[in-house]
Amino acid sequence: QVQLVESGGGLVQAGGSLRLSCAASGRTFSKCAMGWFRQAPGKEREFVARISLSGANYYADSVKGRFTISRDNAKNTVFLQMNILKPDDTAVYYCAADESGFGYRTRTDYYNYWGQGTQVTVSS
């Protein structure tokens, strides 16, 4: 019901910035909380950021103060602005939609729809 396509990944030097975008199709987008997750090789997929329908933003401790999640419902798009990037930020980044819409939900199994991911590589 919701199709997600990430873009904006690439190679950046440590200390640099990237903005990821996630374009969604489907009329349920505006009723979903949206999240960003990331997964490095050999690692479990981990929570990065979430924006709920209440307007509250939530961030993993590892990215607080550096990353900002936002959404534009008119364009069916969610963004992740990533600043002061570190090599440890290197991962495939996924956007996800949670039909529940509210609360602080960081587990992957709470999310109903997933994009294919976009690679972010931070070099030193």
Side-chain angles (χ1 to χ4, degrees):
Q1 194 168 8
V2 177
Q3 187 175 43
L4 307 173
V5 180
E6 302 97 333
S7 62
L11 176 64
V12 65
Q13 294 186 44
S17 299
L18 284 173
R19 189 176 79 156
L20 305 183
S21 299
C22 177
S25 62
R27 59 184 177 87
T28 62
F29 172 80
S30 63
K31 298 183 181 296
C32 294
M34 299 296 298
W36 285 96
F37 292 76
R38 66 188 183 187
Q39 187 168 23
K43 304 289 186 179
E44 294 185 2
R45 190 168 298 185
E46 66 174 351
F47 170 78
V48 175
R50 172 184 171 94
I51 181 167
S52 73
L53 293 179
S54 69
N57 294 352
Y58 306 92
Y59 299 96
D61 288 343
S62 60
V63 306
K64 282 183 179 177
R66 300 189 297 120
F67 291 11
T68 303
I69 188 171
S70 61
R71 68 192 297 166
D72 185 340
N73 287 339
K75 297 181 178 180
N76 286 354
T77 304
V78 62
F79 304 95
L80 184 68
Q81 178 66 47
M82 305 185 295
N83 299 324
I84 319 175
L85 283 162
K86 306 174 181 179
D88 285 348
D89 295 320
T90 295
V92 176
Y93 283 71
Y94 300 88
C95 66
D98 174 12
E99 292 180 318
S100 179
F102 298 94
Y104 182 41
R105 294 152 66 95
T106 63
R107 290 172 51 174
T108 59
D109 56 340
Y110 283 126
Y111 291 77
N112 306 99
Y113 307 99
W114 293 84
Q116 82 290 344
T118 185
Q119 176 71 48
V120 172
T121 302
V122 184
S123 65
S124 59

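Only a predicted model underlies this, so the values are computations on that prediction, with no experimental measurement involved.
- Between Tyr111 and Phe37, the ring centre distance stays below 6.0 Å.
- A pairwise comparison of heavy atoms in Leu85 and Leu18 identifies CD1-N, 3.9 Å as the closest pair.
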(request) In sequence, state the C-alpha distance, the side-chain angles, and the governing distance for Ser62 and Arg38, and then conclude on side-chain contact (heavy atoms from CB on, under 4.5 Å). (result) CA-CA 12 Å; Ser62 60; Arg38 66 188 183 187; 3.5 Å; yes

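- For CD of Gln3, the number of neighbouring non-hydrogen atoms (other residues, nucleotides, ligands) closer than 6.0 Å is 12 at most.
- Listed here is the closest heavy atom pair of Ser21 and Thr77: CB-CG2, 4.4 Å.
- The shortest side-chain heavy-atom distance between Val78 and Cys22 falls under the 4.5 Å cut-off.
- Side-chain contact between Tyr94 and Val92 is present, with heavy atoms from C-beta onward closer than 4.5 Å.
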(request) Kindly indicate, with the supporting measurements, whether the criterion side-chain contact (heavy atoms from CB on, under 4.5 Å) is fulfilled by Leu53 and Arg71. (result) CA-CA 10 Å; Leu53 293 179; Arg71 68 192 297 166; 4.1 Å; yes

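- For the salt bridge (Lys or Arg N to Asp or Glu O under 4.0 Å) with Arg66, the qualifying choice from Asp89, Asp61, Asp88 is Asp89, the only one to do so.
- Asp109 CG to Asp98 CG: the interatomic distance, rounded to the nearest 0.5 Å, is 10.0 Å.
- With values rounded to the nearest 0.5 angstrom, Gln119 atom CD is found 9.5 Å from Leu11 atom CG.
- Of all the heavy atoms in Tyr93 and Val48, the pair that sits closest is CE2-CG2, 4.4 Å.
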(request) Verify side-chain contact (heavy atoms from CB on, under 4.5 Å) between Thr121 and Val12, making sure each step is shown before the conclusion. (result) CA-CA 6 Å; Thr121 302; Val12 65; over 6 Å; no

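- Note that the OG1 atom of Thr68 and the CD1 atom of Ile51 stand 10.5 Å from one another [nearest 0.5 Å].
- Rounded to the nearest 0.5 angstrom, Met34 CE and Asn73 CG are separated by 9.5 Å.
- Under a 3.5 Å cut-off, the side chain of Arg50 and the backbone N or O of Gly103 do form a donor-acceptor pair.
- Ser100 places none of its side-chain heavy atoms less than 4.5 Å from the side chain of Tyr110.
- Between Met82 and Trp36, the closest side-chain pair of non-hydrogen atoms is not below 4.5 Å.
- Considering only heavy atoms from C-beta on, Arg19 comes within 4.5 Å of Phe79 through its side chain.
- Nearest heavy-atom pair across Ala96 and Leu4 is CA-CD1, 3.7 Å.
- Here the side chains of Glu46 and Thr106 are not in contact, with every heavy-atom distance at 4.5 Å or above.
- Remark: Lys31 does not engage Glu99 in a salt bridge, criterion side-chain N to carboxylate O under 4.0 Å.
- Here the closest non-hydrogen pair linking Tyr59 and Phe67 is CE2-O, 3.3 Å.
- Residue Gln116 qualifies as enclosed at atom CD: its count of foreign heavy atoms under 6.0 Å is above 12.
- Closest approach of Ala56 to Tyr58, counting heavy atoms only: CB-OH, 3.5 Å.
- Formation of a donor-acceptor pair under 3.5 Å by the Asn57 side chain with backbone atoms of Ile69 is found in this model.
- Side chain of Glu6 to backbone of Cys95: a donor-acceptor contact under 3.5 angstrom is found.
- For the atom pair Leu80 CG and Ser70 OG, the distance stands at 8.5 Å (nearest 0.5 Å).
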